[in-house]
Peer 1: 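Encoded as structure tokens, here's the structure I'll be asking about.
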Amino acid sequence: MTVDLDWENLGFGYLKLPERYISYYKNGEWDNGQMTQDATLHISESSPALHYGQQAFEGLKAYRTKAGDIQLFRPDQNAERLQKTADRLLMPQVPTEKFIEACKAVVKANAEYVPPYGTGATLYLRPLLIGVGDSISVKPAEEYIFTVFAMPVGNYFKGGLTPTNFIVAEDFDRAAPYGTGAAKVGGNYAASLLPGDKAHIAGFSDVIYLDPATHTKIEEVGSANFFGISRDNEFVTPLSPSILPSVTKYSLLYLAEERLGLKAVEGDVPIADLDRFTEAGACGTAAVISPIGGIQFKDRLHVFYSETEVGPITRRLYDELVGIQFGDIVAPKGWITKVE
Ligand SMILES: *Cc1c(COP(=O)(O)O)cnc(C)c1O
């Protein structure tokens, strides 16, 4: 049923699978889309995606359940977010049904690459929307490609549920106050490569960005959202228009309140007030929940629960979320889409 891979030791890397989905937008409409074995895109050298960053992406996972079924976690949320990103960059929306059907088709066609239950690994799906065609002037493309490809992945941050340390970026922002921080676009990532590289060289797993306007409040990690557990049992995540609205974060806000009995709060997280938290973490589809051991800010390392052990509430949130994703725990209504 599955191919022979070292499932337990997968990292987060590209693997060229047999099949992917591709659809073209021309003359104001999407074609029906099709599966292809061609993993190379053939696009005009003048494509706006290449020159002016008119591109967007998504990330979601397919999970193998104990019974051997395959399921997606909240794909409608990714479809809606891609639509919002498309609006921001004047790209055509991919309808939710087309998005979900494309994801399902790619999972089905590569089903033997969906990792076995119990390995912790998943099939990561990467939907991509790019402006293409012959057009060198600074205006929206007239043609677009929507493609979805996939690869089996393990943990994004090395260590999984082992805490790692993060460092606050003091000289860099990932997004501007009214810029594209809330859109899932490659440009935000291009801007984060240099600070990320500096953080890695200094021994940190990633960067924490502060709000670009005042540099006093935590915004997010370069590729994941931040959360803290306060001393009075609140699950706290930053609220800001320049944060990428994480599906994982909103799922955790719900689960924290409904299943763990915490108070879920979206609000300001002043960097000067980290003492209010007993635990902290980074969350996202790729990161799942990565506990934050400590945050380096200026010359001080603020340690939360422990630099080596995950805190009890973070562990419970992780177990609840991952249990739902792999089908071991009953999901809130509408969160799971069966593939086959
Ligand atoms: C995709 C992404 C996240 C995580 O969002 P999820 O929907 O939970 O996967 C967080 N921050 C940034 C910058 C992202 O691009």
Side-chain angles (χ1 to χ4, degrees), residues 11-12 59 155-177 179-182 184 186-231 235-240 242-246 248-249 252 267-311 313-314 317-318:
F12 191 88
N155 286 316
Y156 180 76
F157 290 116
K158 291 192 188 74
L161 260 195
T162 312
T164 55
N165 291 339
F166 289 65
I167 183 167
V168 172
E170 288 179 61
D171 305 330
F172 298 100
D173 293 318
R174 67 172 279 280
T180 54
K184 206 165 176 80
N188 295 338
Y189 279 78
S192 76
L193 291 177
L194 177 59
D197 193 48
K198 286 177 180 255
H200 293 147
I201 288 169
F204 296 93
S205 77
D206 209 339
V207 172
I208 304 251
Y209 291 96
L210 300 180
D211 72 291
T214 71
H215 271 215
T216 59
K217 297 173 280 187
I218 289 185
E219 288 252 294
E220 69 169 317
V221 180
S223 54
N225 278 190
F226 173 89
F227 70 85
I229 308 295
S230 78
R231 295 190 184 283
F235 174 91
V236 185
T237 73
L239 184 64
S240 154
S242 48
I243 293 176
L244 195 283
S246 154
T248 315
K249 190 258 298 283
L252 290 175
D268 286 347
V269 180
I271 186 68
D273 195 15
L274 293 181
D275 284 338
R276 68 195 274 220
F277 299 121
T278 52
E279 299 177 32
C283 64
T285 298
V288 193
I289 289 179
S290 298
I292 298 178
I295 292 181
Q296 181 83 30
F297 178 51
K298 300 196 194 288
D299 50 13
R300 174 162 175 246
L301 179 72
H302 180 98
V303 176
F304 295 95
Y305 183 74
S306 149
E307 275 186 85
T308 51
E309 270 172 66
V310 57
I313 297 179
T314 305
L317 281 167
Y318 178 90

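Model, not experiment: these values are computed from the prediction.
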Peer 1: Evaluate the side-chain proximity of I292 to I208: yes if any heavy-atom separation is below 4.5 Å, no if none is.
Peer 2: yes

Peer 1: Distance from I229 atom CD1 to Y305 atom OH, nearest 0.5 Å?
Peer 2: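 Reported value, rounded in 0.5 Å steps: 12.5 Å.
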
Peer 1: Apply the test side chain to side chain contact (heavy atoms under 4.5 Å, CB included) to residues V288 and T248: give CA-CA distance (whole Å), side-chain angles for both, the deciding distance (0.1 Å), then the verdict.
Peer 2: CA-CA 7 Å; V288 193; T248 315; 6.0 Å; no

Peer 1: What distance separates S306 OG from E279 CD, expressed to the nearest 0.5 Å?
Peer 2: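 Between S306 OG and E279 CD, I get 10.0 Å after rounding to 0.5 Å.
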
Peer 1: Does a side-chain heavy-atom distance below 4.5 Å link T278 with I313?
Peer 2: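 Result no, sub-4.5 Å side-chain heavy-atom pair not found.
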
Peer 1: Could you state the interatomic distance from CG (L252) to OG1 (T314), rounded to the nearest 0.5 Å?
Peer 2: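 Output value for this atom pair is 10.0 Å.
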
Peer 1: Measuring only between side-chain heavy atoms, which start at C-beta, is F226 closer than 4.5 Å to I295?
Peer 2: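 Yes - at least one pair of side-chain heavy atoms lies under 4.5 Å apart.
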
Peer 1: With V207 as reference, evaluate S223, S192, P195 under the side chain to side chain contact (heavy atoms under 4.5 Å, CB included) test and give the passing residue.
Peer 2: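 The option that passes is P195.
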
Peer 1: Between H302 (side chain) and Q296 (backbone), is there a donor-acceptor pair under 3.5 Å?
Peer 2: no

Peer 1: Which heavy-atom pair separates S246 from G284 by the least distance, and what is that distance?
Peer 2: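 Smallest heavy-atom distance, with atoms named: OG-CA, 4.3 Å.
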
Peer 1: For K298 and V168: C-alpha separation, side-chain torsions, deciding distance, then whether side chain to side chain contact (heavy atoms under 4.5 Å, CB included) applies.
Peer 2: CA-CA 8 Å; K298 300 196 194 288; V168 172; over 6 Å; no

Peer 1: State the CG-OH distance between N188 and Y209, to the nearest 0.5 angstrom.
Peer 2: 9.5 Å

Peer 1: Kindly indicate whether the side chain of T216, heavy atoms from C-beta on, has any atom under 4.5 Å from the side chain of D268.
Peer 2: no

Peer 1: Can you find a pair of side-chain heavy atoms, one from V221 and one from F166, that are under 4.5 Å apart?
Peer 2: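 Result yes, sub-4.5 Å side-chain heavy-atom pair found.
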
Peer 1: Mind checking the CZ-CG spacing from R174 to L193? Nearest 0.5 Å is all I need.
Peer 2: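 Reported value, rounded in 0.5 Å steps: 12.5 Å.
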
Peer 1: What I want to check is whether the side chains of D211 and S242 have a donor and an acceptor closer together than 3.5 Å.
Peer 2: no

Peer 1: Roughly how far apart are I167 CD1 and H200 NE2, rounded to 0.5 Å?
Peer 2: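 That separation rounds to 11.5 Å.
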
Peer 1: Going by heavy atoms in the side chains, are R276 and P270 under 4.5 Å from each other?
Peer 2: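 A side-chain contact under 4.5 Å exists here.
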
Peer 1: Parallel, tilted or perpendicular: which one describes the rings of F227 and F235, with boundaries at 30° and 60°?
Peer 2: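 Aromatic pair F227/F235 classed parallel.
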
Peer 1: Are V310 and T162 close enough that some pair of their side-chain heavy atoms sits under 4.5 Å apart?
Peer 2: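 Side-chain contact under 4.5 Å: no.
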
Peer 1: Would you say the side-chain atoms of N165 pair up with the backbone N or O of E307, donor to acceptor, closer than 3.5 Å?
Peer 2: no

Peer 1: Kindly give the heavy-atom pair with the smallest separation between P245 and A182, and that separation in Å.
Peer 2: CD-O, 3.4 Å

Peer 1: Any non-hydrogen side-chain atom of N225 less than 4.5 Å from a side-chain atom of I243?
Peer 2: yes

